[in-house]
Trainee: 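Below you will find the structure I want to go over with you.
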Number of protein chains: 2
Amino acid sequence: MAAVQLKEAQDRFVAVWGQMGSAWGISRTMAEVHALLYITGEPLCTDDIMERLQISRGNASMSMRALLDWGIVERVHRRGDRKEYFKAEADVWAMFRAIVRERMKREVDPLRAQLYEIRDQTGERAGREQSADLGAHNKRLDDLLRFFQALEGVSNSFVSPAGRGLQAAAKILGYIGGAPGIGGLGKESDDTKEAG
Amino acid sequence: MAAVQLKEAQDRFVAVWGQMGSAWGISRTMAEVHALLYITGEPLCTDDIMERLQISRGNASMSMRALLDWGIVERVHRRGDRKEYFKAEADVWAMFRAIVRERMKREVDPLRAQLYEIRDQTGERAGREQSADLGAHNKRLDDLLRFFQALEGVSNSFVSPAGRGLQAAAKILGYIGGAPGIGGLGKESDDTKEAG
DNA sequence: CGGAAGTTTCAGAAACGATTGAAACTCGCC
DNA sequence: GGCGAGTTTCAATCGTTTCTGAAACTTCCG
């Protein structure tokens, strides 16, 4: 019977997505909650999630809050129902833009700031000579800083409001660099806002 | 005295880099070992690393092996010395290409494979009708698969031998999307191969 | 072949992050 | 204000991952 088959596929997706999450420094549960919301497509409440994922209320609540902070899940209210429901961003590209934006903000930007500080710590004191060692050290830091600057640039043009840029670039680069199509997946879908 | 200042800056870099590593799912020590090799620029042996990082021999050995597997550190032999020395890839872009290549291979490719399987599990049985729910489920999986296909494409063109492509693109996109230069860092350096 | 120098492995210990569950809190309503 | 439905917080616990240290192994040399 089809409902069972669907549920199994969903569970499998949840497991896979959760595993991926933990490989990328995201708590497994948080990724699982997101997976569940994404794959079911419909708004779920805390109790739905607790039951389906067999996790505690506290954990479900924390994970939901985190997902809201990341901007890839939103609150939904139903008239005549006091409970809050949650629904995942349905547009995959919007979702990854949000993730990139957040990780840059939380991890890469502070890292850059720290690297600057370290660089300053051994910076040239106006015109004073420095040892070859210090020079090489500074050059290595500068190389890294330049790389992160480039990364920041790429990320901005992906993330920004008009940020369809990289999406287009990805398509082009995708065809240059890789296989020209997923066999059997058929046409591009434009209706990414299906559940909006 | 300059040597102390340098050592402090190095230590700080090691700490920062290690912290970043753990945020991205890499063991802290492994990132620290890499940081140390990168920032000192010279080949170090296991004992050097043990002492400087205050870690056990076993841990140092494991971390070194992992870094070799990732292809961002290489063995160096010194004539008349039986010990093995290790040296980090000095070209930042080459380093990140290696990282992207490995993470795609280890994490994204298997993920894609699993998503395909899940998709097959609920695929259209030749011409048979399916419920709206199943259709929507399949569409969501397809969206994800298409995204990862695009990602694969971008990554390939970044990683491939002629993979300077994205590096150039990054530069262009960087200027479109972000601030046009790091104040005080001066000219682009072309001598990324400093340590051969 | 025996031994010294160096490297790798691995079982157990320690450290760390995730998870629970119950108490505290908030909010809307009577 | 007091109640009930729902949500959040947090100290304690649990589970995983990482790290250690000692033993096993490998390699080179006389």
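Labels below follow one simple rule: chain letters A, B, ... track the order of the sequence lines, proteins then strands, and each chain is numbered from 1.
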Trainee: Using whole Å, what does the distance between atom P of nucleotide D:dC28 and atom NE2 of B:His77 come to?
Mentor: 9 Å
Trainee: Kindly say if B:Ser27 contacts the phosphate of D:dC19, meaning a side-chain N or O under 4.0 Å from OP1 or OP2.
Mentor: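 Affirmative; the distance criterion is met.
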Trainee: Are any side-chain N or O atoms of A:Arg140 and backbone N or O atoms of B:Thr40, one a donor and one an acceptor, separated by less than 3.5 Å?
Mentor: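 Judged by distance alone, yes, a pair lies under 3.5 Å.
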Trainee: Report the hydrophobic cluster partners of A:Val76, with the cluster defined as I, L, V, M, F, W, Y residues connected by side-chain heavy atoms closer than 4.5 angstrom, directly or transitively.
Mentor: A:Tyr85
Trainee: Without decimals, in angstroms, what is the distance between A:Lys83 NZ and D:dT7 P?
Mentor: 7 Å
Trainee: With a cut-off of less than 4.0 Å, is there a side-chain N or O of A:Thr29 near OP1 or OP2 of C:dT19?
Mentor: yes
Trainee: Any idea how A:Phe96 and B:Phe147 line up, ring-wise: parallel (<30°), tilted (30 to 60°), or perpendicular (>60°)?
Mentor: parallel
Trainee: When you measure from every atom of DNA chain D, which of residues 54-65 of chain B have a heavy atom less than 4.0 Å away?
Mentor: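 Contacts with DNA chain D under 4.0 Å: B:Gln54, B:Ile55, B:Ser56, B:Gly58, B:Asn59.
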Trainee: Is any side-chain N or O of B:Arg28 closer than 4.0 Å to OP1 or OP2 of D:dT17?
Mentor: no
Trainee: Calculate the interatomic distance between B:Tyr85 atom OH and C:dA5 atom C1'; express it in whole Å.
Mentor: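 Result: 13 Å.
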Trainee: Atom CZ of B:Arg75 and atom P of C:dG6: how far apart are they, to the nearest Å?
Mentor: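 From B:Arg75 CZ to C:dG6 P: 15 Å.
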Trainee: May I have the distance from A:Asp81 (atom CG) to D:dG6 (atom P), rounded to whole angstrom?
Mentor: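 Nearest whole value for this atom pair: 7 Å.
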Trainee: Within the side chain of B:Gln5, is there an N or O that forms a donor-acceptor pair under 3.5 Å with the backbone of A:Gln121?
Mentor: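 Checked: pair present.
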Trainee: Tell me the side chain to side chain donor-acceptor pair (under 3.5 Å) pairs involving residues 66-76 of chain A, sequence neighbours left out?
Mentor: A:Glu74-A:Lys87, A:Arg75-A:Glu84
Trainee: Verify, without hydrogens or angle tests, whether B:Ser63 (side chain) and B:Asn59 (backbone) share a donor-acceptor contact under 3.5 angstrom.
Mentor: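 Checked: pair present.
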Trainee: Under 4.0 Å between a side-chain nitrogen and a carboxylate oxygen: does that hold for B:Arg146 and B:Asp143?
Mentor: yes
Trainee: Hey, which of these two, A:Met30 or B:Glu84, hits DNA chain C nearer its 5' end, going by closest nucleotide?
Mentor: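 Going by which nucleotide is closer to the 5' end, it is B:Glu84.
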Trainee: Rounding to a whole Å, what distance do you find between B:Leu53:CG and D:dT18:P?
Mentor: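 Distance, rounded to whole Å: 16 Å.
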Trainee: Whole-Å distance between D:dT27 C1' and B:Arg82 CZ?
Mentor: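 After rounding, the reported distance stands at 6 Å.
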Trainee: How many whole angstroms separate atom CG of A:Leu67 from atom P of D:dT7?
Mentor: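 Taking CG of A:Leu67 and P of D:dT7, I get 15 Å after rounding.
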